[in-house]
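What follows is a single structure, written as structure tokens, with notes after it.
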Amino acid sequence: MSPTNIFAPASTPAESIFGLSVFVFSIVGVIFIVVFALLAYAVVRFRNQRSSTEPAQIYGSTQVELAWTVIPVLIVVALFLATARVIASIQNQPRPQNAIEVVVTGHQYWWEYRYPRFNIVTANELHVPVSDPTHPTPTFLTLLSADTDHSFWVPRLGGKTDLIPNHPNQMWIDPHETGLFLGQCAQYCGTQHAKMLLRVYVQSREEFERWVREQQQLPQTIESAGKRVFESTACVNCHTISGTPAKGRFGPDLTHLMSRDTIAAGAANNKPDMLSLWVRNPDAIKPGSKMPAMGLSDQEASAVTAYLETLR
């Protein structure tokens with residue numbers, strides 16, 4: 001099954017939106033069938049008639065005027081009420097005490113995730129626990145933007161919700177099954193909008209708690225040539241690595257970089273060769289990204305790559 005299949009909802013908000021979609025498609029489908037059937041009947045029934053006289057005209061028919069006024073109004077009212085009910089049920093969802101809180105910030109062109117309760121900051125790969133009927137654990141997302149408009153959309157987990165500068169938005173998900181769910185920034189935000197991908201890892205309660213413990217630990221690093229190069233360049237102005245002088249906020253937090261499956265917001269697998277290429281020439285993977293090429297020598301780039309590979 002496609003991880004972006006809109007016809008396979010795996011969360012309550014997505015199920016509500018899917019149910020509404022089926023209802024709307026059913027109504028418009030019936031309308032289409034009726035209109036097309038009448039049109040086909042008229043074409044077939046009267047195709048051979050030749051007449052120079054105008055058909056009888058009907059004026060002032062109360063029955064006809066009521067029909068073409070009341071029926072469309074009832075259809076629109078039904079669609080409006082169904083849509084309003086779904087919107088209200090999603091937006092007014094009560095927040096239980098055990099809910100997971102995540103602050104999502106959209107940047108050009110990557111995602112930042114902060115878990116205030118756990119004091120965790122990570123990037124591009126969102127981890128949440130599964131919400132099963134015996135242990136409901138919804139995840140509430142506060143959506144912020146650091147620069148321009150973005151849109152958070154993981155089709156199997158919920159609808160599109162915009163991230164607008166200076167206007168916090170909210171959404172929530174309660175995944176019913178474990179696995180990887182993919183999404184995409186759904187609002188054009190610049191050159192690399194198409195490679196601003198979303199990866200949501202829905203884990204069992206035990207796996208999520210283990211991930212939290214691992215993310216709360218400081219990386220075990222030793223002094224190395226790569227560490228010295230990293231800390232002596234502008235890398236520290238953009239990135240954070242806990243326990244080091246690197247305290248930048250413009251780029252992703254790299255404290256546990258190697259715990260992620262991808263780099264560059266899903267644009268490349270997190271493997272040594274791709275990481276090395278990303279350090280040397282970011283535009284080779286993501287043209288127009290905000291990460292500059294630092295002009296490192298081959299020896300320096302290799303040393304920095306080796307250092308980054310220790311950040312687990």
Side-chain angles (χ1 to χ4, degrees), residues 93-107 110-131 135-147 150 152 154 157-158 161 163 165-166 168-175 178 180-181 183 196 198-222 227 230-231 235-266 270 291 307-312:
Q93 174 70 14
R95 185 173 306 198
Q97 292 292 328
N98 66 333
I100 304 298
E101 305 277 351
V102 183
V103 178
V104 181
T105 304
H107 300 258
W110 60 282
W111 303 95
E112 178 183 9
Y113 302 117
R114 292 181 175 270
Y115 298 73
R117 183 196 305 176
F118 306 119
N119 195 29
I120 292 174
V121 182
T122 186
N124 298 321
E125 298 180 359
L126 178 64
H127 290 252
V128 300
V130 68
S131 182
H135 196 289
T137 313
T139 299
F140 282 76
L141 308 177
T142 299
L143 305 177
L144 310 174
S145 173
D147 35 52
H150 302 281
F152 189 98
V154 183
L157 299 182
T161 307
L163 293 77
N166 303 314
N169 268 341
Q170 304 281 337
M171 68 176 294
W172 62 279
I173 56 176
D174 61 341
T178 59
L180 172 62
F181 297 86
M196 189 172 171
L198 281 159
R199 299 173 68 89
V200 180
Y201 293 82
V202 179
Q203 302 169 301
S204 66
R205 167 61 59 173
E206 295 73 19
E207 290 176 340
F208 177 73
E209 291 177 349
R210 181 168 60 251
W211 177 83
V212 168
R213 289 193 298 270
E214 292 171 352
Q215 295 294 309
Q216 289 173 331
Q217 298 174 1
L218 292 177
Q220 302 298 317
T221 61
I222 59 176
K227 185 172 185 290
F230 184 93
E231 294 178 356
C235 299
V236 295
N237 296 329
C238 291
H239 297 285
T240 290
I241 299 177
S242 298
T244 75
K247 304 294 182 183
R249 292 286 301 275
F250 296 104
D253 189 300
L254 302 180
T255 303
H256 296 284
L257 171 65
M258 298 310 295
S259 69
R260 303 168 196 159
D261 291 335
T262 62
I263 57 175
N270 192 5
M291 178 171 166
Y307 167 58
L308 294 177
E309 290 174 1
T310 67
L311 303 177
R312 299 184 181 276

Applying ring-ring contact (aromatic ring centres under 6.0 Å, His included), name anything that partners [X], two or more places apart in sequence or on another chain.
X    : value
Y113 : none
Y307 : F230
H127 : Y201, W211
H239 : none

- Residues forming a side chain to side chain donor-acceptor pair (under 3.5 Å) with E101, sequence neighbours excluded: R95

- Please say which of T310, L311, L254 ends up in a side-chain contact (heavy atoms from CB on, under 4.5 Å) with P219. L311

- Could you tell me whether the side chain of R117 and the main chain of A99 form a donor-acceptor pair under 3.5 Å?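 Between the backbone of A99 and the side chain of R117 there is a qualifying donor-acceptor contact (under 3.5 Å).
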
- Item | Full working for side chain to side chain contact (heavy atoms under 4.5 Å, CB included) between V200 and L157 | CA-CA 9 Å; V200 180; L157 299 182; 3.8 Å; yes

- Item | N-O pairing of K227 and E231 below 4.0 Å |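 Answer for the salt bridge query: yes.
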
Any side-chain heavy-atom pair from [X] and [Y] closer than 4.5 angstrom?
X    : Y    : answer
D174 : T139 : no
N98  : H135 : yes
P116 : V103 : yes
M258 : N270 : yes

- Please assess T122 against R260 for the test side chain to side chain contact (heavy atoms under 4.5 Å, CB included), listing each intermediate value before the final yes or no. CA-CA 9 Å; T122 186; R260 303 168 196 159; 3.4 Å; yes

- Please lay out, stage by stage, how V128 and I100 fare under the test side chain to side chain contact (heavy atoms under 4.5 Å, CB included). CA-CA 8 Å; V128 300; I100 304 298; 5.5 Å; no

- Would D261 and E125 count as a side chain to side chain contact (heavy atoms under 4.5 Å, CB included) if you check the C-alpha gap in whole Å, the side-chain angles of each, and the deciding distance to 0.1 Å? CA-CA 8 Å; D261 291 335; E125 298 180 359; 3.8 Å; yes

- Query: How long is the gap from NE2 on H256 to OG on S242, to the nearest 0.5 Å?
  - Reply: 6.5 Å

- Straight-line distance of S204 OG to E209 CD, nearest 0.5 Å: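 Nearest 0.5 Å value for the OG-CD distance: 9.0 Å.
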
- Message: H150 vs D147, test: side chain to side chain donor-acceptor pair (under 3.5 Å). Steps then yes/no.
- Response: CA-CA 9 Å; H150 302 281; D147 35 52; 2.8 Å; yes

Is a side-chain donor-acceptor pair under 3.5 Å present for [Y] with [X]?
X    : Y    : answer
T105 : H107 : no
S259 : E214 : no
R205 : T137 : yes

- Partners passing side chain to side chain contact (heavy atoms under 4.5 Å, CB included) against Q216 (at least two apart in sequence or in another chain):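 Expected list: F118, I120, V212.
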
